[in-house]
Amino acid sequence: DGGITQSPKYLFRKEGQNVTLSCEQNLNHDAMYWYRQDPGQGLRLIYYSQIVNDFQKGDIAEGYSVSREKKESFPLTVTSAQKNPTAFYLCASSPPGAGGGETQYFGPGTRLLVL
Amino acid sequence: AQSVTQLGSHVSVSEGALVLLRCNYSSSVPPYLFWYVQYPNQGLQLLLKYTTGATLVKGINGFEAEFKKSETSFHLTKPSAHMSDAAEYFCAVTDSGGSNYKLTFGKGTLLTVNP
């Protein structure tokens, strides 16, 4: 079955620690995205990548980093510089298209909690 | 900058009643519009989207939405609510030109269905 997997489902971070959230897709999509969801805030874009080895900052990139070494994978690192990391993190991907409006398909999410 | 406003963070209806979830957007260019649904602790699933063509869009699970350019609205409706419709609903918009990979989300509307 094609889809997007995120791991782990729950992740605990200690003060000063960097943690990495995994996102893998087997949909052969070029574009991938990371969103942060907080209660009552909707989804906010952290980073996105339109192609391998290229990515752009979204609206709330401070304290986060990403890499895109493979088409299938787009890991997100939450660094110690992110002072309020507790949130639900969602990864998404979308197929290529010249006109835009392509549907973004979402993974099941990772909930990050601070110890 | 684009923005999306979902009127009512919480909507409660009785089973069998009409569901109406409101979405207004601001965009300087013709938009592409989306409605997503999220069940607790899960990712988002596309309900329907408008890109071009017919302004009344039909989606999954009996939902539909109408793009009204003059009112900058894209309200979601369903004639008869079912218990399984209880979830959070998000409206999103992207520009038809420029950075059309970037979705801007509303803050969401939580739908409760009472027996």
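Naming: A, B, ... by sequence-line order, numbering from 1 per chain.
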Step-by-step side chain to side chain contact (heavy atoms under 4.5 Å, CB included) determination, B:Gln42 to A:Phe88: CA-CA 10 Å; B:Gln42 294 186 25; A:Phe88 192 50; over 6 Å; no

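- Along residues 107-115 of chain B, the residues that come nearer than 4.5 angstrom to chain A, judged on non-hydrogen atoms, are B:Lys107 in order of number.
- Other residues, nucleotides and ligands contribute over 12 non-hydrogen atoms within 6.0 Å of the CG atom of B:Leu18.
- With a 4.5 angstrom heavy-atom cutoff, A:Asp38 does not touch chain B via any of its atoms.
- Of the two parts of A:Leu90, only the side chain, counted from C-beta on, holds a non-hydrogen atom closer than 4.5 Å to a non-hydrogen atom of chain B.
- Note that CD of A:Gln104 and CZ of B:Phe34 are 7.5 Å apart. Values are rounded to the nearest 0.5 Å.
- Annotation: the span from A:Thr103 atom OG1 to B:Tyr36 atom OH amounts to 5.5 Å, rounded to 0.5 Å.
- Here A:Gln37 contributes atom CD and B:Leu44 contributes atom CG; the two are 6.5 Å apart, rounded to the nearest 0.5 Å.
- Looking at A:Arg111, only its side chain comes within 4.5 Å of chain B, counting heavy atoms on both sides.
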CA sep, side-chain torsions, deciding dist, call: A:Tyr35, B:Leu103, side chain to side chain contact (heavy atoms under 4.5 Å, CB included): CA-CA 10 Å; A:Tyr35 292 92; B:Leu103 276 177; 3.8 Å; yes

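- Cluster membership check: A:Leu112 shares its hydrophobic cluster with A:Tyr47, using side-chain heavy-atom separations under 4.5 Å among Ile, Leu, Val, Met, Phe, Trp and Tyr.
- Under the 4.5 Å side-chain heavy-atom criterion for ILVMFWY residues, a single connected hydrophobic cluster contains both B:Val93 and B:Phe63.
- No continuous path of hydrophobic side-chain contacts links A:Tyr33 to A:Leu76 [ILVMFWY only; heavy atoms under 4.5 Å].
- Contacts of B:Gln6 with chain A are absent, with no heavy-atom separation under 4.5 Å from either backbone or side chain.
- Under the 4.5 Å side-chain heavy-atom criterion for Ile, Leu, Val, Met, Phe, Trp and Tyr, A:Val78 and A:Tyr10 are members of distinct hydrophobic clusters.
- When heavy atoms are compared at a cutoff of 4.5 Å, B:Leu46 approaches chain A solely by way of its side chain, counted from C-beta outward.
- Within the 4.5 angstrom heavy-atom criterion, no atom of A:Gln6 approaches chain B.
- Shown here is A:Leu27, whose CG atom has more than 12 heavy atoms of other residues, nucleotides or ligands within 6.0 Å.
- Criterion: ILVMFWY side-chain heavy atoms under 4.5 Å apart, direct or through other members. Under it, B:Tyr89 and B:Val19 are part of a common hydrophobic cluster.
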